[in-house]
Amino acid sequence: MVPEHPDAPAGETTALALKILVAGGFGVGKTTLVGAVSEIRPLRTEELLSEAGRTVDDTEGVDRKVTTTVAMDFGRITVRSGLSLYLFGTPGQDRFWFLWDELAQGALGAVVLADTRRLEDCFPAVDYFEHRKIPFVVAVNCFAGARQHDADEVCRALDLDRGNPVVLCDARERDSGKEVLIRLVEYAGRMHTARLLDSVG
């Protein structure tokens, strides 16, 4: 949690800027989500998929995808007065995972986007955040034509800890994406508070 205006006069409410990661498998909608909710023009580091990359990038189920994030996406959204979220979208392919540790530093929490047609693609992100004890929510991006599963089914399939939120969303819709982020902030706030109380108890 970083104050946006550390030199604000005494008595004024300091605005908070919280860092949030948006992670998940290749082609699941991370860039789309960041772009849909960002109130600024999002920074994107997309490159065209190349023939050389076809041997390492699994495009099954996302045959029409022609670009990929090679570093990160960045956007910002003001959730309410005095609270802004800085969104960092991670690259989805294995060969870019070395960037995740850098991006994860100082993050309040993460959104793990999932596609039920390729649910196994989000396992690495779930494992990453579980092992580093970074609070996360799983947001199921409901693609047209995909078989619909409810949140409980996805929770069981991913073997998530009890209480770990799973929400359904449409990454293209601003309001839907904003709801996901609000759920994450609420959940991460509870988790961090519980840890703080445990440490002083």
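Given the structure is predicted, the values throughout are model-derived calculations rather than measurements.
Here the closest heavy-atom approach between residue P165 and residue R183 is recorded as CB-NH2, 3.5 Å. Contact record, I40 with R76: CG2-NH2, 3.4 Å, taken as the closest heavy-atom pair. Pairing each heavy atom of V166 with each of A151, the nearest pair is O-CB, 3.5 Å. Counting all heavy atoms, side chain and backbone alike, A104 lies closest to I134 at CB-CD1, 4.1 Å. Shortest non-hydrogen contact noted between Q105 and K19 is O-NZ, 2.8 Å. Taking each heavy atom of L158 and C122 in turn, the nearest pair found is CD2-SG, 3.7 Å.
With salt bridges taken as basic N to acidic carboxylate O contacts below 4.0 Å, none links K178 and D175.
Using a 4.5 Å heavy-atom threshold, the side chains of V167 and E179 count as separate. In this structure, C169 and L113 have side chains that are in contact, with non-hydrogen atoms separated by less than 4.5 Å. No side-chain heavy atom of D73 sits less than 4.5 Å from a side-chain heavy atom of L87. For the pair L181/I20, a side-chain contact is recorded, criterion being any heavy-atom separation below 4.5 Å from C-beta on. Counting only heavy atoms from C-beta outward, the side chains of C142 and Q148 approach each other to under 4.5 Å. Looking at D121 and V28, their side chains never come closer than 4.5 Å, going by heavy atoms from C-beta outward. The shortest distance between side-chain heavy atoms of L83 and T78 does not fall below 4.5 Å. Contact check for H149 versus L119: no side-chain heavy atoms found under the 4.5 Å cut-off.
A side-chain contact (heavy atoms from CB on, under 4.5 Å) with R172 is found for exactly one of T32, N141, L33, namely T32.
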Stepwise salt bridge (charged side-chain N to carboxylate O under 4.0 Å, His left out) test for R195 and D198
CA-CA 5 Å; R195 289 173 189 166; D198 283 346; over 6 Å; no
Side chain to side chain contact (heavy atoms under 4.5 Å, CB included) between T90 and L99, intermediate numbers included:
CA-CA 8 Å; T90 65; L99 295 169; over 6 Å; no
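Every residue two or more places apart in sequence or in another chain was checked for a ring-ring contact (aromatic ring centres under 6.0 Å, His included) with F136, and none qualifies. For Y187, there are no ring-ring contact (aromatic ring centres under 6.0 Å, His included) partners, not counting sequence neighbours.
Going from atom NE2 of H131 over to atom NZ of K133 covers 8.5 Å, rounded to the nearest 0.5 Å. Atoms CH2 and CG, from W100 and L21 in turn, are 8.5 Å apart once rounded to the nearest 0.5 Å.
Proximity of a side-chain donor or acceptor of D150 to a complementary backbone N or O of E153 within less than 3.5 Å is detected. A donor-acceptor pair under 3.5 Å is formed between the side chain of K30 and the backbone N or O of G25.
Around the CG atom of D159, the shell of radius 6.0 Å holds no more than 12 heavy atoms that belong to other residues, nucleotides or ligands.
Side-chain contact annotation: S176 with D170, donor-acceptor N/O pair under 3.5 Å absent.
No continuous path of ILVMFWY side-chain contacts below 4.5 Å connects V22 to F143, so the two sit in separate hydrophobic clusters.
Both cation-pi conditions hold for R132 and Y128: the charged atom is under 6.0 angstrom from the six-membered ring centre and inside a 45 degree cone around its axis.
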